[in-house]
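It should be emphasised that the depicted structure is a prediction, and the values quoted were computed from it without experimental measurement. Below, all heavy atoms of this structure are taken into account, side chains as well, without hydrogens, waters or symmetry copies. Throughout, protein chains are lettered first and strands after them, A, B, ... in sequence-line order, and every chain is numbered starting at 1.
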Amino acid sequence: MRITTWNVNSLTARLQHVLDWTKANPVDVLCLQELKLTDDKFPLDVLRHAGYQHCAVFGQKTYNGVAVLSRHPVREVVKNINGFADEHSRLLSVTVGAPQGPVRVVNGYFVNGQEPGSEKFAYKMKWLDGLRAHVRSELAANEKVVLLGDFNIAPEDRDSFDPDGLRETIHHTSEEREHFRGLVGLGMSDSFRMFEQPEKSFSWWDYRMLGYQKNRGLRIDHILVSDGVKALVKACTIDRTPRKWEKPSDHAPVTVELG
DNA sequence: ATGACGCATCGAATGCGA
């Protein structure tokens, strides 16, 4: 069973990439972020035809928007963070009826935050407070929990192409990293770091100034797993292939394989 | 400090991303 997270930066602009990628990589569950479309514009029929019979969608016009595409039934769909009023569509929690037993999948498009000290950064911190409480309750209620998505946090220096030059800038601040460790502290593991990985492994590269060609990137897309999932994890990989295609998303898909 | 690139918005210039 494979579960993938991919920030597509507009599903409308990236639909063909999603179809091409899933044809080559028919993962069981595909979690998307930054749909940038409303629910009524979601290409449900096309994705069903591609094998994703069970879709949960939480869209928004122009910005944000998340979805879970699944080959197995999904149930108990929850939009956004319980008890946290939010104008944005950023979090979608579903239970996937997997062959190995139910897996609670929490798909997030975390707040960017723009700049430390800004209002948007304060919103990011509040959102992360709410998320931690949300994940704590999911862990209390479910043995198998997967928290994945675009975290907009580079957890460690090795997750950035320029950790010294970018120290305490957005995605690199101590507060953001403390929040990442807080999520891990609830009893979750960064599946990517369970395995030996190439140096300078990133999941996002700036469109500008040949960011991808120079591998000036960040690892900000993550898959965290609860202890009940950890024992099943066989691999976690970033697929840079679609980043080389014409008109790519600036993010690459990240996939965890469960045995 | 600014812009660089891409996407969305009713039609051009701007906001936003990371």
Side-chain angles (χ1 to χ4, degrees), chain A residues 5-21 31-43 57-67 86-91 107-125 127-128 131 148-177 179-180 192 200-222 238 240 242-254:
Chain A
T5 175
W6 195 5
N7 179 326
V8 289
N9 184 18
S10 168
L11 182 55
T12 307
R14 225 65 63 200
L15 182 57
Q16 194 57 50
H17 281 199
V18 169
L19 296 172
D20 292 345
W21 190 82
C31 298
L32 302 177
Q33 304 92 35
E34 281 208 83
L35 305 180
K36 297 188 175 182
L37 50 73
T38 47
D39 290 14
D40 57 302
K41 301 266 176 33
F42 189 85
V57 184
F58 186 25
Q60 185 184 326
K61 189 177 180 179
T62 310
Y63 302 116
N64 313 310
V66 286
D86 199 347
E87 309 267 303
H88 297 175
S89 303
R90 293 188 174 276
L91 198 75
N107 174 27
Y109 174 48
F110 292 33
V111 178
N112 177 312
Q114 207 155 59
E115 194 183 351
S118 66
E119 269 185 40
K120 284 174 181 172
F121 190 82
Y123 166 51
K124 183 173 195 171
M125 294 301 107
W127 193 89
L128 286 164
L131 178 72
L148 78 177
D150 175 0
F151 282 49
N152 273 318
I153 301 173
E156 299 177 37
D157 280 359
R158 60 180 165 164
D159 299 313
S160 172
F161 71 96
D162 186 10
D164 292 317
L166 295 170
R167 197 164 297 287
E168 296 301 333
T169 64
I170 199 64
H171 306 121
H172 302 69
T173 66
S174 306
E175 297 102 305
E176 291 165 286
R177 288 178 170 181
H179 269 291
F180 187 90
F192 189 75
K200 300 184 192 303
S201 286
F202 306 129
S203 65
W204 170 89
W205 302 261
D206 203 310
Y207 285 124
R208 298 166 291 185
M209 302 179 72
L210 302 173
Y212 180 73
Q213 288 84 340
K214 296 176 178 174
N215 197 29
R216 294 166 60 90
L218 305 174
R219 192 177 72 95
I220 54 177
D221 300 272
H222 306 296
I238 300 171
R240 295 159 58 130
R243 189 64 177 77
K244 300 168 193 161
W245 295 344
E246 193 102 7
K247 290 253 173 202
S249 167
D250 41 0
H251 294 255
V254 184

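For A:H251, a side-chain nitrogen or oxygen approaches OP1 or OP2 of B:dA18 to under 4.0 Å. For the pair A:K247 and B:dC5, the criterion of a side-chain N or O lying under 4.0 Å from OP1 or OP2 is not met. Taking 4.0 angstrom as the limit, A:N7 places a side-chain polar atom (N or O) nearer than this to OP1 or OP2 of B:dA18. For B:dA18, the OP1/OP2 oxygens have no side-chain nitrogen or oxygen of A:Q114 closer than 4.0 Å. Side-chain N/O atoms of A:N152 include one lying less than 4.0 angstrom from OP1 or OP2 on B:dA18. For A:Y212, no side-chain nitrogen or oxygen approaches OP1 or OP2 of B:dG6 to under 4.0 Å.
Between the CZ atom of A:R243 and the C1' atom of B:dA18 there is a distance of 12 Å, given to the nearest Å. Distance, A:R208 CZ to B:dC7 C1': 13 Å, rounded to whole Å. Spacing between atom CD of A:E246 and atom P of B:dC7 amounts to 11 Å, rounded to whole angstrom units. Whole-Å rounding puts the A:K41 NZ to B:dT9 C1' distance at 12 Å. Here B:dA18 presents its P atom at 16 Å from CG of A:D159, a figure rounded to the nearest Å. Rounded to whole Å, atom C1' of B:dG3 lies 14 Å from atom CZ of A:R216. A:F151 has its CZ atom 18 Å from the C1' atom of B:dG17, to the nearest Å.
Annotation: the span from A:L148 atom CG to A:W6 atom CH2 amounts to 14.5 Å, rounded to 0.5 Å.
Position along DNA chain B of the nearest nucleotide to A:N64 versus A:M209 favours A:M209 as the more 5'-ward residue. Mapping A:Y207 and A:V111 onto DNA chain B by nearest heavy atom places A:Y207 closer to the 5' end of the strand.
Taking only distance into account, the side chain of A:N112 meets the base of B:dA18 through a donor-acceptor pair shorter than 3.5 Å.
Taking the six-membered ring for Trp and the full ring otherwise, the centers of A:Y123 and A:H88 sit less than 6.0 Å from each other.
Here the side chain of A:K120 is nearest to one of B:dA18, B:dC16, B:dA8, namely B:dC16. The side chain of A:Y63 lies closest to B:dC16 when the candidates are B:dG17, B:dC16, B:dA8.
Side-chain N or O atoms of A:T5 include none that pairs as donor or acceptor with a backbone N or O of A:V254 at under 3.5 Å.
Between A:Y212 and the choices A:W205, A:W245, A:Y207, the ring pair (Phe, Tyr, Trp, His ring centres under 6.0 Å) rule is met once, by A:W205.
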